[in-house]
Number of protein chains: 4
Amino acid sequence: MSPAAPEPAPSAKPGRPRSDRARRAVLHAVDDMLIEDGYAAMTMKGIAERAGVGRQTVYRWWSTKAEILMEASEADARSELRSPEQSDPARELSSYLMLLRTFLATSPAGVAYRALVGEAQHDPAVRQLIERADLLTTSARPVLLRVQPFTKAMPAIELAAAQLAGPVLSQALTTPEPFTDDALRAHADTLASGWHARFGSHPEAM
Amino acid sequence: MSPAAPEPAPSAKPGRPRSDRARRAVLHAVDDMLIEDGYAAMTMKGIAERAGVGRQTVYRWWSTKAEILMEASEADARSELRSPEQSDPARELSSYLMLLRTFLATSPAGVAYRALVGEAQHDPAVRQLIERADLLTTSARPVLLRVQPFTKAMPAIELAAAQLAGPVLSQALTTPEPFTDDALRAHADTLASGWHARFGSHPEAM
Amino acid sequence: MSPAAPEPAPSAKPGRPRSDRARRAVLHAVDDMLIEDGYAAMTMKGIAERAGVGRQTVYRWWSTKAEILMEASEADARSELRSPEQSDPARELSSYLMLLRTFLATSPAGVAYRALVGEAQHDPAVRQLIERADLLTTSARPVLLRVQPFTKAMPAIELAAAQLAGPVLSQALTTPEPFTDDALRAHADTLASGWHARFGSHPEAM
Amino acid sequence: MSPAAPEPAPSAKPGRPRSDRARRAVLHAVDDMLIEDGYAAMTMKGIAERAGVGRQTVYRWWSTKAEILMEASEADARSELRSPEQSDPARELSSYLMLLRTFLATSPAGVAYRALVGEAQHDPAVRQLIERADLLTTSARPVLLRVQPFTKAMPAIELAAAQLAGPVLSQALTTPEPFTDDALRAHADTLASGWHARFGSHPEAM
DNA sequence: TAATAATCGAGACGGTACGTCTTGTCTTCGT
DNA sequence: ACGAAGACAAGACGTACCGTCTCGATTATTA
């Protein structure tokens, strides 16, 4: 009887709206399959089947498995790399380094990131995704900004971030064993010294 | 009586010996195709056809295209990363860094190395090849050994190599632009200072 | 209101339906290739390419080239072996024999049948196809049923069919020259006599 | 002077003579493999390995597996199809038919013959081998010659052989079950009657 | 006693079909 | 219009066999 406003949705577009159920199913499938089978064994076909979703639905919203993986893991990656503020500058560096090392070595989002960096070496489109995300600089920046006031000559943030995080990423990508805590502390010390730190809250400093 | 040990054959195996012509054709094909088409577009089928070689012949001697690429580029990579001795320690570090940066950015062997590091993230077998080669430590070691006498506290070679080369490799793998010469010099300075170097203040120290 | 038999769809299955265009292209390709190149030179790969069809599409609907060939030629074979009714029993036998001889020697469907009998000796699956089709008995039966009333002791249809058609098939499979018309008439006479026929000399005998 | 040229051998050729050991090993291998794995699964490679013989050695003496199989089985086939003389003409025909049926159904040489007839439909070279051997006429001829005096109108030997043996071969090649003894006796009777036999030396005849 | 020559087993060679897999597109139905 | 199902053309995968070739070793005849 009601005049029946047939306008159930705030979405102005006609037709059936995108199914959020399908979107989440795909993202979860990708997350799971990466851990269970690895990146190489993941296929668009497999993802669609695992998600219980039509193949075309996947292709409609994403071009490659890398793109899906990016969307599935980027938020996690950023939040997991948010290094909490520390009591002193030396700790800022070393606790960030440990966070990063563990993220790359064991976190699902870290595994995803390594896979994406790998794929970026073969596929220019993935390369752009990785460059845009720039996870290293992005995650190191807050730490460096907190440490900067205590140093006399830290270089530009981009270089400093590479100096800080680059060795850890390289290690994760090319060697079997990640750095120990001691190694990371030594690395932090080297950089702190190199940046002419006066980390003056510590009386003996320099 | 018999004056000679009856050691007649250096080739003990029966059957037709391996064709060196085929081996070289495959390695050259891989080298060329990587530059022309990129790693992803390279296929075992394509390599065999390009080399004018049977498919089975490729599979007989190599398991994956990564393995071929490794054999094709490893020697080049090692020789291209042999950093010539410099007049002073500061130059040792920075000229190695520039060599490494340019190798990764433009050398065919460097492109191959990046592709292999990429593939190592997807394939454990390639991962082992990369770990065994350990190009960073191997190439940085001679430089570090020459610099070490001038520092008071350089850490273990493995860590020092990662500190030195890691940022350059990470940059090459994840960002669009390689480091400038200035940035590399700044990085060298940072490490030298961090390692408590007494560079040059004692020029006679050499 | 209407009871409305809710039988809207003959195709209950979801998904894209089978392409009849692809099916016919494959069957035609097989027909042509058998004549042009022979059975041994036909390959699943070649059939797919000749038909302009994906390889998987062929394998999806047929297991072997023999299966395709069977489907492509069975209908033709049956219709070509339908021997028209004759004015007298002696003619029934001899005209069927000539039909069969010429079918096996020159008809494309006859060539296909010979190839399939050949393959049946190597592949049990093809063997079953051939056994199920039982072309000899099937094609001879109508002839024998028309002749039977004029004989006193024709054996069971299966044996009679083998007696009638077996020599012609054997000849086609193992010797260079097919039987002449005279030979076939002599064969028909032998069987007619052997079956104690009182053919036509006594038309009222019916 | 020369006390008899030392020419002990009909083999005038220089060089190492053909190894009879290798020849027999190949023939045995083919015999065994046909029974164990079937014709289709036999390969030149497999035969060589099974015989413990080089691949080239096989190709040196035979072109195809069919040729080897022919050499391996022809002698057996001929001797197994030598039908012993019987006490009366009716028995001549029926005991030959039973011999032939059992040969085709169960004898290794019979299996080989069926495989060769099969291959002959695909390969003209094998076709010629089969035509030259003409096993049916060859084996039926002695029987027919012994029976002929007792018939008034047996056709030419080739046709008579096809009439006699053709149904049995066709049955063996295209149907699952071979003929029973009764069926073969009925077939013999039909032909005998058809050939106007007077088999009359036997009072009860006909 | 050597030289010559054809054989032997072994196994790599360039090719090519096998049957399976994944790709990205398309075509159908039901919601 | 979207979503699921699944067929479509294309083409790489790694394996098997093809028939040829190249080895070193063996076994004959001829000089």
Side-chain angles (χ1 to χ4, degrees), chain A residues 13-19 21-22 25 42-46 48-49 51-61 63-65, chain B residues 8-9 11-19 21-23 25 41-49 51-61 63-64, chain C residues 8-9 11-19 21-23 41-49 51-61 63-65, chain D residues 6-9 11-19 21-22 42-46 48-49 51-61 63-64:
Chain A
K13 283 183 298 182
R16 184 174 178 172
R18 176 174 183 183
S19 156
R21 189 208 136 273
M42 262 172 51
T43 65
M44 293 295 262
K45 185 171 184 278
E49 280 166 6
V53 142
R55 209 116 75 81
Q56 190 69 229
T57 302
V58 180
Y59 281 108
R60 196 164 5 243
W61 303 109
S63 298
T64 63
K65 56 178 175 173
Chain B
S11 82
K13 283 182 301 184
R16 181 176 180 171
R18 177 174 183 182
S19 156
R21 188 209 137 275
R23 177 178 167 274
M42 261 171 52
T43 65
M44 292 296 261
K45 186 171 185 280
I47 292 166
E49 281 166 6
V53 144
R55 208 119 76 85
Q56 185 85 164
T57 300
V58 179
Y59 282 108
R60 196 172 355 249
W61 303 110
S63 298
T64 62
Chain C
S11 81
K13 284 182 301 184
R16 181 178 181 172
R18 177 174 183 182
S19 156
R21 188 209 137 271
R23 177 178 168 274
M42 261 172 51
T43 65
M44 291 296 261
K45 187 171 184 278
I47 293 166
E49 280 166 6
V53 144
R55 209 117 76 86
Q56 186 84 165
T57 299
V58 180
Y59 281 107
R60 189 162 14 239
W61 303 110
S63 297
T64 61
K65 56 178 175 172
Chain D
E7 184 194 19
S11 82
K13 284 182 299 181
R16 182 177 181 171
R18 177 173 183 183
S19 156
R21 188 209 138 272
M42 263 172 50
T43 66
M44 292 296 261
K45 186 172 184 277
E49 280 165 6
V53 142
R55 208 117 75 85
Q56 188 73 230
T57 300
V58 180
Y59 281 108
R60 193 165 7 242
W61 304 110
S63 297
T64 62

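Below, chain A is the first sequence line, B the second, and so on; all start at residue 1.
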Do C/Arg18 and C/Trp61 have side-chain heavy atoms sitting under 4.5 Å apart? yes
Check whether the side chain of B/Arg16 and the base of F/dC21 form a donor-acceptor pair under 3.5 Å. yes
Taking F/dA9, E/dT28, F/dA28 as options, the one with an atom nearest any side-chain atom of C/Pro17 is E/dT28
Within this structure, what is the CD-to-C1' distance between D/Glu49 and F/dC18, rounded to whole angstrom? 13 Å
Does any N or O donor sit under 3.5 Å from an N or O acceptor when you compare the side chain of D/Arg18 with the base of E/dT7? no
Separation of A/Arg60 CZ from A/Gln56 CD (nearest 0.5 Å): 5.5 Å
Base, sugar-phosphate, or nothing: which does C/Arg23 touch, judged by heavy atoms less than 4.0 Å apart? nothing
Find which nucleotide of DNA chain F each of D/Ser63 and C/Ser19 is nearest to by heavy atoms, and output the residue with the more 5' nucleotide. C/Ser19
Residue C/Lys45, side-chain atoms from C-beta onward, closest of F/dA5, E/dT22, E/dC18: E/dC18
DNA chain E contacts among residues 52-61 of chain C, heavy-atom distance under 4.0 Å: C/Arg55, C/Gln56, C/Tyr59
Would you say the side chain of B/Arg55 lies within less than 4.5 Å of the side chain of B/Met44, judging by non-hydrogen atoms? no
Taken to the nearest whole Å, CD1/C/Ile47 to P/E/dG19 is 11 Å
How long is the line joining CE of D/Met44 and C1' of F/dA16, in whole Å? 16 Å
DNA chain E: 5'-proximal contact among B/Arg21 and C/Gly46 (nearest heavy atom): B/Arg21
